[in-house]
Amino acid sequence: MAENRIDGKKGNTKVNRPFYFVYRHLLIFFFLIFSKSVVMADEEKDSRPFIFYPKAYNNWNFEMSAGLSLTKLPMNVVEEEINQSPMPELHFRLGLPAKISLTTELKSNYLANYGSLGVQWTFWKKFVDVAVGGKFNAWFGHLEMESFKLKAEGMILSPYISLGFDFKDFLLSVQFETQTNRMWTQIDDKDIARTDHKLSGIAVNINAEQPLWHNHYVVMGVKLNYAKFFYQSWMSYTTINEYLFYPEFRFGFVL
Amino acid sequence: MIKKRILFIYFSIIFIYSCEFDMADVPIPVFSESILKNTTPINDFIKSNMEGVYSSNDSKSEFGESLVIKMSGQHLSIFTGKNAAYLIFQGGIYESSLVFEGYWRFATGSETGPTKLVINNNEGAGDLINGKKPELLKIQCYYYKGPGKIEKHITLTYKRPLNNQPPNFKIIGHRGGGRNSDRLPVSENSVEMIMFAERLGANAIEIDVKLTKDKIPVLFHDENLSLRLINESYFVGSIANYTYDQLKTFVTLKNGGKIPTLEEALDTVLEKTNLSLVWLDIKSNGLIADVTKVQKKYINKAKAMKRDLEILIGLPSEEAVIEYISIKDKMDIPALCELSLDLVRQTNAFVWAPRWSLGLQSAEANIMHSEGRRVFTWTLDDSQFIKVYLEDGNFDGILSNYPSIVAYEYFIR
Amino acid sequence: MNILSGKYFLFITSLICTLIPVSSKEIIPDSTFRLIFELSGGYSAALDSNYTDGGITPCIRLMWEPNRKLNIGLETGYLLIEKHSVDEKKYETGKTEMEVSLRAIPLLVVFNMEIWKTDFFAAMGASYVWTELDAFNQKVYSPVWNYSLMFGWGYTYNLTDNFGFGIEAKSYIFTRLNKSVGSMQFKLKYCVVDW
């Protein structure tokens with residue numbers, strides 16, 4: 001057995017480095033971003049069909065995308081049972097006045113079903129487009145077969161800031177979000193428990209949108225979730241009180 | 001354009017550090033100098049009179065208001081209702097005091113720290129050492145927390161004996177006592193874990209049995225070898241592809257130890273623990289015949305040693321039921337069935353073990369009780385669920401990866 | 001920094017690099033679509049080994065090159081992840097020598113893009129991985145499927161419109177094995193059909 005000797009001095013306790021590292025660098029990064037004064041560009045008509053890129057839409061412009069996401073679930077949580085969780089997904093975005101957009105996301109693999117409603121405001125455009133927003137996410141899961149009569153539902157609040165880099169024939173967006181989660185469990189249709197996580201995780205969502213052929217745009221992305229709870233593995237009822245890595249890969253077509 | 005490239009590189013650098021983090025091990029914290037050096041061992045009278053429910057003078061501490069103390073062999077364990085915390089100690093008599101040294105740990109996390117307990121002469125130690133039941137029993141608990149290892153102090157006062165209703169309730173440690181993902185100091189399904197289980201509050205264990213290529217029953221949970229359970233990345237695929245000699249020689253378990261045979265595991269249970277029940281979880285088809293031979297041998301060995309030990313073969317699937325039914329002379333092969341009530345009756349299983357996700361199953365449990373059978377449920381880990389299932393359920397045992405939580409909820413009632 | 005802990009970073013950076021255009025000016029695309037067959041071979045070794053324990057790695061790839069920058073395709077090949085051998089030795093279980101190797105056949109979806117006249121690519125998919133063990137007079141062949149990623153960089157010199165050759169450096173990541181295998185390869189590229 002490993003030992004950790006204590007002499008009343010600092011022990012060899014592992015500090016949660018990733019969080020401190022990311023947050024410290026986020027502060028430095030925002031200082032870089034805001035070191036020049038904000039100049040809002042005049043609104044340009046942009047005919048490129050993007051969904052994730054934070055640039056403001058033209059009023060009442062609507063886009064949608066359809067694709068597939070694949071989440072790699074940590075082995076400590078799911079062991080051998082589920083390695084990956086594929087989920088077909090749909091994304092919608094509607095442009096409103098005052099550089100506001102409404103966003104909706106729907107995903108399902110029957111065992112876990114997810115929907116989100118969000119709003120974002122593009123407030124800066126110079127060499128990078130910046131938007132802030134928030135999403136209210138709701139999910140429900142059900143497993144009724146053999147020795148399972150489980151249902152669970154939850155909600156996740158995720159405020160975010162999104163940065164966009166326009167390379168003309170491709171658009172790269174990077175979104176930083178935090179997640180607060182609440183989950184309810186029912187067994188045999190009876191409420192059993194409620195679980196709350198005030199800061200259940202953070203995520204960095206990187207998406208690249210570009211034409212694959214002619215003007216047919218595709219979205220390729222990865223969402224790096226660093227979380228204590230992830231709705232796609234709800235049925236594992238993990239009790240591990242640690243932040244674990246859930247990378248979510250995405251590929252879709254902007255329709 | 002250049003600014004975009006710089007920012008892009010910046011993001012990339014962030015990802016170097018934030019991409020993937022495995023869970024760090026949680027080493028057992030120890031004091032640089034042991035306080036047990038000049039102590040004499042504590043006797044059974046002291047151990048049995050220390051067991052009980054205690055209250056803390058600081059309900060806001062990490063361990064909450066009420067604590068349960070339980071002895072197992074030479075170890076003293078404390079189970080709490082807050083943070084899924086447990087404490088494990090070894091102790092001794094030092095002059096006219098009782099001293100204990102060990103550590104605290106949050107079962108579902110990684111926080112831990114060294115701890116010592118002191119019972120002073122005038123707070124019960126004197127009476128205990130002299131073979132007298134004390135009127136007042138107080139334990140001074142000093143524990144260390146945080147990176148700076150700040151010392152904290154609480155006083156535990158004995159309130160009442162442990163609850164033991166329903167009697168013979170089984171607190172069953174999963175995979176021998178716990179999982180690798182909970183970063184215990186020993187590997188799941190190992191002899192070391194079997195010896196550790198009682199310190200976590202278990203009075204019974206469940207172990208997973210598979211067959212090697214040369215038909216030797218061994219303890220292993222997963223279908224395939226992987227870095228979840230072993231240290232060698234170059235061994236992959238099913239354990240049934242390897243001989244026992246190959247596994248024993250070249251494979252080491254994640255937190256130390258070797259893959260044990262079923263016989264080694266049951267020898268450990270008999271000779272090194274006071275566990276009262278072993279549930280053999282059969283992990284693949286075609287091995288009931290081989291496993292029941294070992295089961296019979298050790299049931300007879302326990303009888304010869306006058307040891308109160310049940311060994312039940314688990315029947316998790318219909319294929320296992322068919323195999324079991326085909327064995328002649330099943331009277332000496334007690335079984336536990338996880339399936340429907342009809343199959344429980346068909347196999348004449350001693351225990352019905354439905355999965356927790358089917359609910360409390362109170363009506364069905366009553367039927368089983370009326371037929372003289374017991375009911376266990378598995379695998380309950382969430383403390384809220386454990387409390388509900390204990391209070392509202394009608395179970396004779398709970399299988400859990402956190403037997404310390406089950407032990408607390410059971411003994412505190 | 002252990003390169004293994006940054007495997008996702010390297011993969012994601014490559015994924016992102018596939019999307020950086022050469023120039024910020026919008027390029028007016030032609031309408032030619034191509035199907036490209038690539039054959040490559042070289043040496044590979046686990047990135048945490050002493051590189052002499054590697055082996056020859058062949059690889060084939062079929063890429064769809066539409067009239068834009070991003071190309072998508074499929075790749076498979078064969079590689080040796082690691083191997084160990086121990087001379088005859090006495091153990092508690094008896095005397096034996098031991099030889100063990102871990103090999104893989106990846107099946108990957110590849111995303112590729114030309115940036116600054118070189119190819120950046122990243123891939124994900126599954127690999128058929130197996131152990132071959134010889135010890136105690138028993139041979140073992142034990143397979144399993146594993147999730148895997150790949151990223152790399154390459155350069156191609158086009159001899160003609162339809163044929164070229166080049167070099168590639170890439171890394172395969174086997175997440176459940178916590179292993180990364182680096183590979184240097186020489187490749188031939190042929191346009192099977194264009195339309």
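Order of the sequence lines sets the chain letters (A, B, ...), proteins ahead of strands, with each chain counted from 1.
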S.K.: Residue by residue, scan residues 281-291 of chain B and write down, ordered by number, those that have a heavy-atom distance under 4.5 Å to chain C; if none do, write 'none'.
M.R.: none
S.K.: Any sub-3.5 Å donor-acceptor pair from C:Thr160's side-chain atoms to C:Phe163's backbone N or O?
M.R.: yes
S.K.: Starting at CG of B:Asn241, measure out to CD of B:Gln246 and round the result to the nearest 0.5 Å.
M.R.: 10.0 Å
S.K.: Select all residues of residues 219-235 of chain B having any heavy atom within less than 4.5 Å of some heavy atom of chain C, and report them by number, or 'none'.
M.R.: B:Asn224, B:Leu227, B:Ser233, B:Tyr234, B:Phe235
S.K.: Go through the side-chain N and O atoms of B:Glu263 and B:Thr261 and say whether any donor and acceptor fall under 3.5 Å apart.
M.R.: no
S.K.: For the atom pair CD (B:Glu111) and CZ (B:Phe106), what is the distance rounded to the nearest 0.5 Å?
M.R.: 5.0 Å
S.K.: Given a strict heavy-atom distance threshold of 4.5 Å, which part of B:Phe250 is in contact with chain C: side chain, backbone, both, or neither?
M.R.: side chain
S.K.: CG/C:Leu70 to CD/C:Glu65 distance, rounded to the nearest 0.5 angstrom?
M.R.: 10.5 Å
S.K.: Are the side chain of C:Glu168 and the backbone N or O of C:Met184 linked by a donor-acceptor pair below 3.5 Å?
M.R.: no
S.K.: Output the distance between atom CZ (C:Phe37) and atom CE (C:Met63), rounded to the nearest 0.5 Å.
M.R.: 13.0 Å
S.K.: Taking side chain as everything from C-beta outward and backbone as N, CA, C, O, which of these in C:Lys89 sits under 4.5 Å from a heavy atom of chain B? Side chain, backbone, both or neither.
M.R.: neither
S.K.: Is the OH atom of C:Tyr141 crowded by more than 12 outside heavy atoms at less than 6.0 Å?
M.R.: yes
S.K.: Around atom CD of C:Glu88, are there more than 12 heavy atoms of other residues, nucleotides or ligands at under 6.0 Å?
M.R.: yes
S.K.: Between C:Ser85 and C:Glu99 (side chain of the first, backbone of the second, donor and acceptor by atom type, cut-off under 3.5 Å), is there such a pair?
M.R.: no
S.K.: Quick check on C:Trp145 against chain B: is it the side chain, the backbone, both or neither that has a heavy atom closer than 4.5 Å?
M.R.: neither
S.K.: Which bit of C:Glu82 is near chain B, if near means a heavy-atom gap under 4.5 Å: side chain, backbone, both or neither?
M.R.: side chain
S.K.: Testing the 3.5 Å rule here: is there a donor-acceptor pair between the side chains of C:Arg103 and C:Ser101?
M.R.: yes
